[in-house]
Amino acid sequence: MNKIEILKRLYKDYTHKFIYKISLSIFFSLIIAASTSAIAWLLDPAIKKIFIEKDTSLILIIPAAIVAAFTFKGISLYMAKTIMIKVAQEVRKILQLDIMTYAINADTEEINKKHSGKFISHITFDVDRIKILVSTVILNIFKDSLTLIGLLGVMFYQNWRLALFAIIMIPLASIAARSLGKRMGKVSTQTQERAGTLTSYLLEVFKNHKIIKIFQKENYEISRAENFINLLKEKITKSDIILVRASPIMETLTGIMIAGLIFYSGNLIMSDDLDINNFFSFLAAMMLAYQPVRSLATLNIAINDGIAAAKRILPVIDKKNSIVEKLNSNELKLNKGNIIFKDVKFNYIKNENRVLDSINLNINGGEMTALVGHSGAGKSTILNLIPRFYDADSGYITIDDQSIYDLKISSLRSNISLVNQETTLFDDTVKNNIAYAIENPNDEEITEVTKLSYCDEFIKKLPQGIDTVIGENGVRLSGGEKQRLSIARAMLKKSKIILLDEATSSLDAETETKIQEAINYLTKNRTTLVIAHRLSTIINSNKIYVVDNGKIIDEGNHETLLKDSIIYKNFYEKQIKKN
């Protein structure tokens with residue numbers, strides 16, 4: 001999108017709804033312009049009547065009029081800025097919400113492609129640039145343009161020849177500012193990239209602080225941090241320097257203008273072609289015009305800065321999900337809960353070796369089916385295709401003979417519970433983390449699942465019990481406690497399809513038996529697909545599939561696979577030796 005298209009888009013989607021408030025701000029800008037022009041014009045009668053003609057009748061009237069003009073200007077300026085500040089904050093809120101909405105609704109694949117720090121940079125750095133574009137630029141365009149027009153009117157009224165001389169400087173200032181604006185847009189994009197990189201790095205430092213300490217990499221990471229900060233500093237410094245370059249240009253142009261004005265007006269006064277009162281009124285108008293001319297001349301910088309930010313944000317907001325519902329999608333009608341994979345192929349990246357190649361599975365409803373295989377064999381990918389975190393490249397997946405691609409996504413996922421190896425919890429209370437599973441659960445339901453998942457054993461030891469805030473991703477809980485909390489959340493949902501991805505991997509031997517009992521309750525009479533490295537947790541599965549290099553190479557129960565599957569037998573023997 002070019003500059004005009006972006007400005008139209010920002011107006012249509014973000015500022016159009018505030019047109020009444022913007023119009024009110026423009027009205028106050030008219031008062032500012034009229035008041036400023038009146039201040040310059042009043043110097044003419046003030047000098048002529050009071051200082052030259054010594055008319056005592058105006059000794060109070062003219063000063064009172066000047067005070068009134070400044071008062072009107074001050075109040076109107078306050079009102080105009082206040083209105084635009086509120087409008088800009090509303091636009092900022094809507095933009096941030098749009099970015100968050102995209103991030104929350106986006107395909108898993110898209111989120112995995114982009115570091116979370118980049119999204120944070122969009123929400124903070126880029127949105128603030130657009131906020132400035134809305135608040136400062138819109139107000140200044142009208143306020144300064146109207147003020148400049150009013151002051152030019154006073155200048156032409158006092159002496160049209162001097163006014164023409166002063167006008168020559170305005171295009172020169174605009175040309176200089178336009179050049180600076182282009183450079184500012186480029187630097188702004190580079191600054192955002194550096195800010196995003198620093199934010200990404202900061203998140204990784206917080207996430208991996210234990211790794212940093214155990215490998216004693218503090219000095220190394222401080223050095224890296226200094227490098228990222230220096231790169232950002234250089235871009236911000238460059239940006240700020242470009243901004244202040246407008247000052248010497250404007251000061252020089254102003255100096256030339258005043259010097260030329262004094263020379264030219266001096267000749268006019270000496271030849272009696274200009275009265276002293278006209279000159280002072282003209283001079284006041286010209287000096288007052290300095291601020292709006294300077295503001296308008298540098299406006300292009302802020303516009304380019306905001307547009308550069310919009311170019312980064314709008315494609316994110318506009319990005320369409322690839323995982324979408326078909327028109328007239330159906331609700332999932334569960335009967336037995338049979339899940340079938342037929343010739344399913346999948347790859348994360350096109351034109352690379354397939355992650356899944358012609359997968360055929362028959363997961364019987366109400367039973368437990370397990371996937372076994374080396375890391376990277378494709379087990380988790382199979383599991384992630386069922387709730388449509390990803391879509392297969394070819395083949396199909398059905399639940400009770402209903403293609404999952406013909407179902408409403410909300411209906412599909414509402415019937416599935418997931419317990420991951422990497423337990424995900426929120427920086428909230430234990431109660432709210434469990435209650436996240438369904439809308440408005442009652443206390444009895446939450447109490448029941450805490451007992452069934454054995455969460456009650458550690459909850460009663462917490463400072464505020466079930467109302468204890470557990471910190472970022474449950475940092476105040478042990479690995480086993482977090483996993484139990486995740487199981488409790490899945491229990492509360494009461495889904496008929498259960499997906500377990502290494503759900504007991506982070507549990508110690510002492511708690512594993514209890515957690516296995518909780519899992520048994522969670523999966524009883526439910527369609528369950530489980531991935532586990534500990535074969536002890538899946539020995540009693542109704543069916544076990546052995547996955548290797550994206551293919552199903554063996555299937556059967558535990559006893560059958562021990563006889564017929566070399567890979568499964570090797571897995572089992574290695575775990576027996578460990579124990």
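- Between the side chain of R194 and the backbone N or O of K235 there is no donor-acceptor pair closer than 3.5 Å.
- No donor-acceptor pair under 3.5 Å is formed between the side chain of E234 and the backbone N or O of L231.
- Atom CD of E472 is surrounded by 12 or fewer heavy atoms from other residues, nucleotides or ligands within 6.0 Å.
- Note that NZ of K311 is 11.0 Å distant from CG of L314, once rounded to the nearest 0.5 Å.
- By the 4.5 Å heavy-atom criterion applied to side chains, Y14 and L95 are counted as neighbours.
- The two residues A490 and S417 come nearest to each other via the heavy atoms O-OG, 3.5 Å.
- Between M155 and L152 the shortest side-chain heavy-atom distance falls below 4.5 Å.
- Each of R92, K131, R312 was compared with D126 under the salt bridge (Lys or Arg N to Asp or Glu O under 4.0 Å) criterion, and only R312 meets it.
- Looking at I313 and V127, their side chains come closer than 4.5 Å, going by heavy atoms from C-beta outward.
- For R413, there are no side chain to side chain donor-acceptor pair (under 3.5 Å) partners two or more places apart in sequence or in a different chain.
- With Q402 as the fixed residue, the side-chain contact (heavy atoms from CB on, under 4.5 Å) test singles out one of I397, L407, L334: L407.
- A392 and F346 get closest at one heavy-atom pair: CA-CD1, 4.1 Å.
- Interatomic distance, CD1 of I307 versus CD1 of I4, reported as 7.5 Å (0.5 Å rounding).
- Sorted by first then second residue, the salt bridge (Lys or Arg N to Asp or Glu O under 4.0 Å) pairs that include residues 22-51, not counting sequence neighbours, are K49-E53.
- Remark: aromatic rings of Y405 and Y396 are distant, center separation not under 6.0 Å.
- For K431, the side chain to side chain donor-acceptor pair (under 3.5 Å) partners two or more places apart in sequence, or in a different chain, are D443.
- For R9, the salt bridge (Lys or Arg N to Asp or Glu O under 4.0 Å) criterion is met by D13, D318, not counting sequence neighbours.
- I404 approaches L385 most closely through the heavy-atom pair CD1-O, 3.5 Å.
- A donor atom on one side chain and an acceptor atom on the other are found under 3.5 Å apart for N432 and T429.
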Just list the side-chain donor-acceptor pairs under 3.5 Å for residues 74-85, sequence neighbours left out, or say none.
residue, atom, partner, partner atom, Å
S76, OG, F72, O, 2.8
T82, OG1, Y78, O, 2.7

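- Counting heavy atoms from C-beta on, the side chains of I399 and L412 come closer than 4.5 Å.
- The heavy-atom pair separating P315 from A310 by the smallest distance is CD-O, 3.9 Å.
- At least one side-chain heavy atom of Y390 sits less than 4.5 Å from a side-chain heavy atom of T108.
- In this structure, S135 OG and I130 CD1 are separated by 11.5 Å, a value rounded to the nearest 0.5 Å.
- Counting heavy-atom neighbours within 6.0 Å of N328 CG, excluding the residue itself, gives a total of 12 or less.
- The side-chain heavy atoms of N159 and N278, taken from C-beta on, include no pair separated by under 4.5 Å.
- Judged as a salt bridge (Lys or Arg N to Asp or Glu O under 4.0 Å), and not counting sequence neighbours, the contacts of E331 are K408.
- Proximity of a side-chain donor or acceptor of Q96 to a complementary backbone N or O of I123 within less than 3.5 Å is detected.
- Scored by the side chain to side chain donor-acceptor pair (under 3.5 Å) test, N140 finds S295 as partners (sequence neighbours excluded).
- A salt bridge does not link E5 to K8: none of the charged side-chain nitrogens sits closer than 4.0 Å to a carboxylate oxygen.
- Atom CG of residue L139 and atom CZ of residue F28 lie 12.0 Å apart, to the nearest 0.5 angstrom.
- Closest approach of T424 to R489, counting heavy atoms only: O-NH2, 2.8 Å.
- With sequence neighbours left out, the salt bridge (Lys or Arg N to Asp or Glu O under 4.0 Å) criterion links D467 to no other residue.
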Distance-only donor-acceptor hits, side chain of residues 320-327, under 3.5 Å, sequence neighbours excluded:
residue, atom, partner, partner atom, Å
N321, OD1, D107, N, 3.4
N321, ND2, N105, O, 2.8
S322, OG, D107, OD2, 2.7
E325, OE2, I409, N, 2.8
K326, NZ, D406, OD1, 2.8

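- Between I47 and F279 the shortest side-chain heavy-atom distance does not fall below 4.5 Å.
- The environment of Y348 atom OH is dense: over 12 non-hydrogen atoms of other residues, nucleotides or ligands sit within 6.0 angstrom.
- Listed by chain and residue number, Y201 satisfy the ring pair (Phe, Tyr, Trp, His ring centres under 6.0 Å) test with F228 (two or more places apart in sequence, or in another chain).
- Atoms OH and CD1, from Y11 and I19 in turn, are 4.0 Å apart once rounded to the nearest 0.5 Å.
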Can you list, pair by pair, the side-chain donor-acceptor contacts under 3.5 Å of residues 29-37, counting residues two or more places apart and other chains?
residue, atom, partner, partner atom, Å
S29, OG, S25, O, 3.0
S35, OG, I31, O, 2.8
T36, OG1, I32, O, 2.8
S37, OG, A33, O, 2.9
S37, OG, G150, O, 3.3
S37, OG, L151, N, 3.3

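- Residues N230 and E226 form a side-chain contact, since some pair of their non-hydrogen atoms from C-beta on lies under 4.5 Å apart.
- A search for side chain to side chain donor-acceptor pair (under 3.5 Å) contacts involving T15 returns nothing, not counting sequence neighbours.
- Here CD1 of I62 is found 7.0 Å from CD1 of I66. Values are rounded to the nearest 0.5 Å.
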